Undergrad: 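Just dropping this structure here.
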Amino acid sequence: MLLAILACIIMALGITLTIHSNLTVMPYEGFIGAQAFRLRKDFGKLKVKVDLIFTISSIVISLILLHNMNSVGLGTIIASFLTGIVVSFFDMILTTRLNVYLGLEHSTV
């Protein structure tokens, strides 16, 4: 359980850095980023919603076709909730620090 949480935190840091660097992103994050830009929503919050939709869809399809839930485990459910929340957290920290560094905001420290 602790390893799954740690993996989600590290993955969220990588997603945040990739999004902010304007490098080529993975198609899934690119889709969410494009939707977040188009809908003017927070990337992390939208990621949680999309992850939950896909996780629930996977559970339903698995139950219909396989009559059990072998395809979705506890790690998938943890990742659905946690990754987007941590991306929002890292995004807030990175944006704030970058704006202070560039002189767009004043430091509150």
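All of these numbers come straight from a predicted model, not from anything done at the bench.
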Undergrad: Could you pull out every donor-acceptor pair under 3.5 Å between side chains of residues 3-12 and any protein atom, sequence neighbours left out?
TA:
none

Undergrad: Under a 4.5 Å side-chain heavy-atom rule over Ile, Leu, Val, Met, Phe, Trp and Tyr, are Ile61 and Val50 clustered together?
TA: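 They do not share one cluster, since no chain of ILVMFWY contacts under 4.5 Å joins Ile61 to Val50.
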Undergrad: Do Val48 and Ile59 belong to the same hydrophobic cluster, where Ile, Leu, Val, Met, Phe, Trp and Tyr are linked whenever their side-chain heavy atoms lie under 4.5 Å apart, directly or via other members?
TA: yes
Undergrad: Could you grab the distance from atom CD of Glu29 to atom OG1 of Thr18, nearest 0.5 Å is fine?
TA: 8.0 Å
Undergrad: Do Ile56 and Leu63 share a hydrophobic cluster, counting only Ile, Leu, Val, Met, Phe, Trp and Tyr and linking them when any side-chain heavy atoms are less than 4.5 Å apart?
TA: no
Undergrad: Between Ser62 and Asn68 (side chain of the first, backbone of the second, donor and acceptor by atom type, cut-off under 3.5 Å), is there such a pair?
TA: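 Between the backbone of Asn68 and the side chain of Ser62 there is a qualifying donor-acceptor contact (under 3.5 Å).
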Undergrad: Let me have the donor-acceptor pairs involving side chains of residues 80-92, under 3.5 Å, with sequence neighbours excluded, atom names and distances please.
TA:
residue	atom	partner	partner atom	Å
Ser80	OG	Thr55	OG1	2.5
Ser80	OG	Thr76	O	2.9
Thr83	OG1	Ala79	O	3.0
Ser88	OG	Asp42	OD2	2.7
Ser88	OG	Gly84	O	3.4
Asp91	OD1	His20	NE2	2.3
Asp91	OD1	Thr95	OG1	3.4

Undergrad: Can you tell me how far the CD1 atom of Ile53 sits from the OG atom of Ser58, to the nearest 0.5 Å?
TA: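 Output value for this atom pair is 13.5 Å.
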Undergrad: Would you please test Lys47 and Tyr28 for side-chain contact (heavy atoms from CB on, under 4.5 Å) and show each step?
TA: CA-CA 10 Å; Lys47 181 167 177 47; Tyr28 183 68; 3.5 Å; yes
Undergrad: Minimum heavy-atom separation for Gly33 and Phe43, please, with both atom names.
TA: N-CE1, 3.5 Å
Undergrad: Rounded to the nearest 0.5 Å, how far apart are CD1 of Ile32 and CD1 of Ile15?
TA: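 It comes to 8.0 Å.
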Undergrad: Between CG of Leu94 and CG of Leu17, what distance do you get to the nearest 0.5 Å?
TA: 6.5 Å
Undergrad: Decide side-chain contact (heavy atoms from CB on, under 4.5 Å) for Met1 and Ile78; before the verdict, give the C-alpha distance in whole Å, the side-chain angles of both, and the deciding distance to 0.1 Å.
TA: CA-CA 9 Å; Met1 180 81 80; Ile78 290 171; 3.2 Å; yes
Undergrad: Which is it for Leu46 and Gln35 under the side-chain contact (heavy atoms from CB on, under 4.5 Å) test, yes or no, and what are the steps along the way?
TA: CA-CA 8 Å; Leu46 188 60; Gln35 292 302 316; 3.7 Å; yes
